[in-house]
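Quick notes on the structure that follows.
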Number of protein chains: 2
Amino acid sequence: MLAIGTLSRRTGTKVQTIRYYEEIGLMNEAGRTAGGQRRYDEKDLDRLAFIRHSRQLGFSLDSIRELLDLADNPAQSCSEADSIARRQLGQVEQRIKRLQALKKELRRMVAECDGDSVAECKVLEVLRDHSECLTEHNEIGA
Amino acid sequence: MLAIGTLSRRTGTKVQTIRYYEEIGLMNEAGRTAGGQRRYDEKDLDRLAFIRHSRQLGFSLDSIRELLDLADNPAQSCSEADSIARRQLGQVEQRIKRLQALKKELRRMVAECDGDSVAECKVLEVLRDHSECLTEHNEIGA
DNA sequence: CTTGAACCTCTATCAGCTGTAGCTTGTATC
DNA sequence: GATACAAGCTACAGCTGATAGAGGTTCAAG
Ligand SMILES: [Zn+2]
Ligand SMILES: [Zn+2]
Ligand SMILES: [Zn+2]
Ligand SMILES: [Zn+2]
């Protein structure tokens, strides 16, 4: 039987994060000692490792929930798991595209500024006026 | 004098977002009518446009705050603005790298699954076991 | 003067955790 | 068996960057 700290070390997950996963129903409710401390077995360890690895690959907790549900009954077809992964791949590709557009603009504005006064700063000029941009980047942020 | 809805339409910013920017001190406190409604001028419009464009390029609100402060006194050197932009560029490049590693892994696992039962699903197999991965992807998520 | 779209404040919610305060439990050592 | 203290517990606040809704007020056109 493993204490939460051991699980934490073995999976690289913060203790609070493990408790959080339990709270939102991603991890099963852990068994408890008489004094109320959580105790885990190897199955819990595997499940947490699955969750963490999926997170590292960028899956949302909702997707992970679905994947865990699927993994729990091995008889059925895996087409749904595959389509979740494909969807994830699509999103990653989209984000890469967007970030590459941002990168282009940022590189250009950084390169074109000669480091004079703020009044003539190319960086600030571009930020003030999107028509200085070469790409469309409608959506916000990341 | 512009009402908040006009500002919203002219900059593509939700009304609530404009109020939020005021709340966190990114936009100045707007003047008010006798009845308490916010009114803006062209300067406010420019400032909001600057903020939105910077957001589209992925700058954090904190960075934008710094950039706005710098832009407000045009006499000084722009080296700080430039370094904020370079930092942003560096972060974007980092994220692209990470996402490309994720993309590789995701493509591989999707490609290698022949769509059989969950028990033999390559996707789930990889998620269970990082040693199936070719790249290190320690950090989480995006 | 009436209507109704647009405005107001306040509060709650989202993802995915992370951190803190203040207390209790488990275990190793003597 | 006593004691020390690391590690556990709950509960709640906070982070980023907004977004949504309830319930009430104001502005401007006709
Ligand atoms: Zn510059
Ligand atoms: Zn632009
Ligand atoms: Zn499969
Ligand atoms: Zn991996």
Side-chain angles (χ1 to χ4, degrees), chain A residues 1-27 29-40 44 48 50-68 88 91 95 98 102 138-142, chain B residues 1-27 29-40 44 48 50-68 88 91 95 98 102 138-142:
Chain A
M1 285 308 210
L2 314 167
I4 199 168
T6 314
L7 210 65
S8 164
R9 255 169 280 122
R10 301 251 301 256
T11 60
T13 314
K14 293 243 161 85
V15 167
Q16 297 105 303
T17 306
I18 300 173
R19 291 198 280 245
Y20 170 70
Y21 287 161
E22 181 182 313
E23 197 185 307
I24 62 169
L26 204 57
M27 289 292 284
E29 288 210 10
R32 302 280 186 141
T33 64
Q37 298 196 358
R38 291 172 179 80
R39 288 296 180 269
Y40 299 94
D44 297 315
L48 184 54
F50 184 102
I51 294 170
R52 282 273 111 180
H53 195 216
S54 303
R55 287 292 295 131
Q56 288 182 351
L57 290 165
F59 289 89
S60 71
L61 294 181
D62 269 359
S63 294
I64 295 171
R65 209 186 290 274
E66 289 184 69
L67 290 166
L68 284 166
Q88 175 63 18
Q91 281 168 12
R95 301 185 67 185
R98 290 221 57 239
L102 299 194
N138 304 325
E139 282 158 70
I140 235 100
Chain B
M1 285 307 211
L2 313 166
I4 198 168
T6 314
L7 209 64
S8 165
R9 255 169 283 124
R10 300 252 301 254
T11 59
T13 313
K14 295 243 160 83
V15 165
Q16 298 104 303
T17 305
I18 300 173
R19 291 198 280 246
Y20 171 70
Y21 286 162
E22 181 182 312
E23 196 184 307
I24 63 170
L26 205 56
M27 288 293 283
E29 288 210 11
R32 303 280 186 140
T33 63
Q37 300 197 355
R38 291 173 180 79
R39 287 296 179 268
Y40 299 94
D44 297 315
L48 184 54
F50 184 102
I51 294 169
R52 282 275 110 180
H53 193 217
S54 303
R55 287 293 295 130
Q56 288 182 351
L57 289 165
F59 288 89
S60 70
L61 295 182
D62 267 0
S63 293
I64 295 170
R65 208 187 291 273
E66 289 185 69
L67 289 165
L68 284 166
Q88 175 63 17
Q91 281 168 11
R95 301 185 68 186
R98 290 220 60 239
L102 299 194
N138 305 324
E139 283 159 69
I140 236 100

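Residue numbering restarts at 1 for every chain, and letters A, B, ... go by the order of the sequence lines.
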Report summary line: From CE of A:Met27 across to C1' of C:dG16 the rounded distance in Å is 16 Å
Query raised in the report: Rounded to whole angstrom units, what separation is found between the CG atom of B:Leu57 and the P atom of D:dG17?
Result: 15 Å
Query raised in the report: Can you list the steps and then say if A:Thr33 with A:Met1 is a side-chain contact (heavy atoms from CB on, under 4.5 Å)?
Result: CA-CA 10 Å; A:Thr33 64; A:Met1 285 308 210; over 6 Å; no
Report summary line: Between A:Gln37 and A:Glu23, whichever has its closest DNA chain D nucleotide further toward 5' is A:Gln37
Report task. Take the protein atom CG of B:Leu2 and the nucleotide atom P of C:dC7, then report the distance between them rounded to whole Å. Result -> 11 Å
Report summary line: Whole-Å distance, A:Arg52 CZ to C:dC17 C1', equals 9 Å
Requested in this report: Output yes when a side-chain donor or acceptor of B:Thr13 lies under 3.5 Å from a complementary backbone atom of B:Ser8, and no otherwise.
Outcome: no
Query raised in the report: Below 4.0 angstrom from OP1 or OP2 of D:dT10, is there any side-chain N or O of A:Arg32?
Result: yes
Report summary line: Residues passing the side chain to side chain contact (heavy atoms under 4.5 Å, CB included) test with A:Ser63, sequence neighbours excluded, are A:Phe59, A:Ser60, A:Ile84, A:Arg87
Requested in this report: Looking only at non-hydrogen atoms, find the nearest pair between B:Met27 and B:Asp44 and report the distance.
Outcome: CE-O, 3.5 Å
Query raised in the report: Think A:Arg38 has a side-chain N or O under 4.0 angstrom from the OP1 or OP2 of D:dG8?
Result: no
Query - Whole angstrom value for the distance that separates C1' of D:dC9 from CG of A:Leu7 - result: 16 Å
Query raised in the report: Do the side-chain N or O atoms of A:Thr33 get closer than 4.0 angstrom to the phosphate oxygens (OP1, OP2) of C:dT25?
Result: no
Query raised in the report: For B:Leu2, does its backbone N or O pair with a side-chain atom of B:Arg10 as donor and acceptor, under 3.5 Å?
Result: no
Query - Test item: B:Glu22 side-chain N/O and B:Glu29 main-chain N/O as donor-acceptor pair under 3.5 Å - result: no
Report summary line: The reported gap from CG in B:Leu102 to CZ in B:Arg95 (rounded to nearest 0.5 angstrom) is 11.0 Å
Query raised in the report: Heavy atoms under 4.0 Å, any strand shown: does A:Arg65 hit a base, just sugar-phosphate, or nothing?
Result: nothing
Query - Value in whole Å for how far the P atom of D:dG8 lies from OH of A:Tyr40 - result: 10 Å
**Report entry** Rounded distance in Å - CD (A:Glu22) to C1' (D:dC9)
**Finding:** 12 Å
Query raised in the report: Taking for each residue the nucleotide of DNA chain C with the nearest heavy atom, is it B:Gly35 or A:Gly36 whose nucleotide lies nearer the 5' end?
Result: B:Gly35
Query raised in the report: Taking atom C1' of C:dG26 as reference, at what distance in whole Å does atom CE of A:Met1 sit?
Result: 16 Å
Report task. Pull out every residue in residues 10-21 of chain B that has a heavy atom closer than 4.0 Å to any atom of DNA chain C, ordered by number, or say none. Result -> B:Arg19
Query raised in the report: What is the nucleic acid contact for A:Ile24, judged by heavy atoms within less than 4.0 Å: base, sugar-phosphate only, or nothing?
Result: nothing
